[in-house]
Amino acid sequence: MKISARLRAAAVAGSSVLLFGGLTTSTDSTALAQSSSSTASAMQREKLMVFYATKAPCTILTNYGHPAIAWQVPAGAHLVWRYNIDATWAMVSQPAREASAGFPWWGVTQRSCLGNSIQQKEYPAGVPVPSSILTGRSQRESGWRPVRWNVSPSPVARRGVTVTRNATLRDPAHFVLGNIPATWQVDVTATPSSTSWWVKVYVPALARWGYIERNALS
């Protein structure tokens, strides 16, 4: 999931939006309940992407288990934590990189590199990174959702299909699993996804299954 520069600026600045005006009719209690529900939903959406400051210089791997391709961030950099892969590694995003260096801005870094949350809209500063494994923030009522790190195999319909633009590999709930640069090849299945926008693939270079946007394929 990408974060626009505008959303990031609002998050860091701590700006807020007034959703409802004064309630003056006999239906105040109903309207107030609806207001509270809508506000809670808006807050939950804001919390999907929470920024944390790095405690030290960090190496971010483009893909888990592939250290040859990586980039560096300094201490004090702001990263979005998405979920913990295991006791050592976490999936993160660096929106500032999207605006400057470009793809990729999602990657994997060591959990020990991440410090506490920074001050941002609808989320306080000083909160440690969650400790749960393969669970990320969600718009579900609980606020959390499991990550399908190991997507199950499916019969392949087309092999060796070229990826025509940079893309991300996702699980069925659209959590990022890795990065797929343009020119890589994937094996495409006929397995339907939750929407027609995504298609299930196998990525030989990563030895992984997942979902990619259809319009990224030749």
Side-chain angles (χ1 to χ4, degrees), residues 1-3 49 51-52 54-75 77-115 129-136 146-154 156 158-189 191 193 198-218:
M1 298 182 183
K2 293 168 60 178
I3 303 179
M49 303 293 184
F51 286 87
Y52 296 82
T54 56
K55 295 189 293 185
C58 301
T59 298
I60 302 180
L61 307 183
T62 299
N63 284 295
Y64 178 79
H66 293 259
I69 305 176
W71 75 91
Q72 306 291 323
V73 297
H78 296 166
L79 302 179
V80 170
W81 172 89
R82 201 64 185 98
Y83 61 88
N84 296 319
I85 298 171
D86 53 27
T88 303
W89 298 96
M91 181 66 68
V92 297
S93 174
Q94 187 183 15
R97 180 180 170 84
E98 178 184 3
S100 57
F103 181 88
W105 52 89
W106 285 96
V108 177
T109 195
Q110 292 192 346
R111 291 172 56 179
S112 59
C113 177
L114 299 173
V129 170
S131 60
S132 58
I133 304 296
L134 294 179
T135 303
V147 178
R148 189 90 60 85
W149 180 250
N150 294 308
V151 177
S152 60
S154 292
V156 171
R158 293 190 296 155
R159 296 187 183 276
V161 178
T162 300
V163 178
T164 58
R165 64 169 177 81
N166 297 324
T168 51
L169 187 68
R170 308 271 178 147
D171 83 341
H174 299 167
F175 284 104
V176 172
L177 302 176
N179 291 290
I180 308 175
T183 74
W184 277 21
Q185 292 191 335
V186 298
D187 297 335
V188 181
T189 75
T191 302
S193 64
W198 299 85
V199 61
K200 192 175 188 179
V201 300
Y202 176 73
V203 187
L206 301 178
R208 303 204 62 187
W209 293 86
Y211 293 83
I212 189 175
E213 291 175 300
R214 288 183 182 274
N215 65 8
L217 301 176
S218 58

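What you see is a predicted model; the values in this text were computed from it and never measured. Heavy atoms only: backbone and side chains are in, while hydrogens, waters and symmetry mates are out.
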Closest non-hydrogen atom pair, N166 against A182: OD1-N, 3.0 Å
query: What's the spacing between Y202 OH and R208 CZ if we round to 0.5 Å?
result: 10.5 Å
- request: Look up atom CE in M91 and atom CD1 in I60, then write down how far apart they are to the nearest 0.5 Å.
  value: 11.0 Å
- prompt: Passes side-chain contact (heavy atoms from CB on, under 4.5 Å), V163 versus V186? Steps please.
  reply: CA-CA 7 Å; V163 178; V186 298; 3.9 Å; yes
Side-chain heavy-atom pair I180, T168 within 4.5 angstrom cut-off: no
message: Has T191 got a side-chain atom pairing as donor or acceptor with S154's backbone, closer than 3.5 angstrom?
response: no
field: Residues that R97 engages under side chain to side chain contact (heavy atoms under 4.5 Å, CB included), provided they are two or more places apart
entry: W71, Q94, A101, P104, W105
field: Heavy-atom closest pair, residues P130 and Y52
entry: CD-OH, 3.5 Å
statement: Contacts of P172 meeting side chain to side chain contact (heavy atoms under 4.5 Å, CB included) (sequence neighbours excluded), chain-then-number -> R148, V151, Y211
- prompt: Does the pair R111 and N84 meet the rule for a side-chain contact (heavy atoms from CB on, under 4.5 Å), with working shown?
  reply: CA-CA 8 Å; R111 291 172 56 179; N84 296 319; 3.4 Å; yes
query: Can you tell me how far NE2 of H66 sits from CG of N179, rounded to the nearest 0.5 angstrom?
result: 11.0 Å
- request: State, yes or no, whether a side-chain contact exists between L169 and V203 at a heavy-atom distance under 4.5 Å.
  value: yes
- line: What one should report as the nearest heavy-atom pair of T189 and V199 is O-CG2, 3.7 Å
task: Show your reasoning for whether side-chain contact (heavy atoms from CB on, under 4.5 Å) applies to V147 and L177.
output: CA-CA 9 Å; V147 178; L177 302 176; 4.3 Å; yes
message: If you take the centroid of each ring, where Trp contributes its six-membered ring, are W149 and Y64 closer together than 6.0 Å?
response: yes
field: Separation of Y83 OH from I133 CD1 (nearest 0.5 Å)
entry: 11.5 Å
message: Closer than 3.5 angstrom, by distance alone: can the side chain of T54 be matched with the main-chain N or O of P74 as a donor-acceptor pair?
response: yes
message: Testing the basics here: between R214 and W198, what is the closest heavy-atom pair and its distance to 0.1 Å?
response: NE-O, 3.6 Å
- request: Measure the shortest side-chain to side-chain distance between L79 and S93 over non-hydrogen atoms and say whether it is less than 4.5 angstrom.
  value: no
query: Can a salt bridge be assigned to the pair R170 and E213 using a cut-off of 4.0 Å between side-chain N and carboxylate O?
result: no
query: For V156, which residues count as a side chain to side chain contact (heavy atoms under 4.5 Å, CB included) partner, sequence neighbours excluded?
result: R159, D187, W209
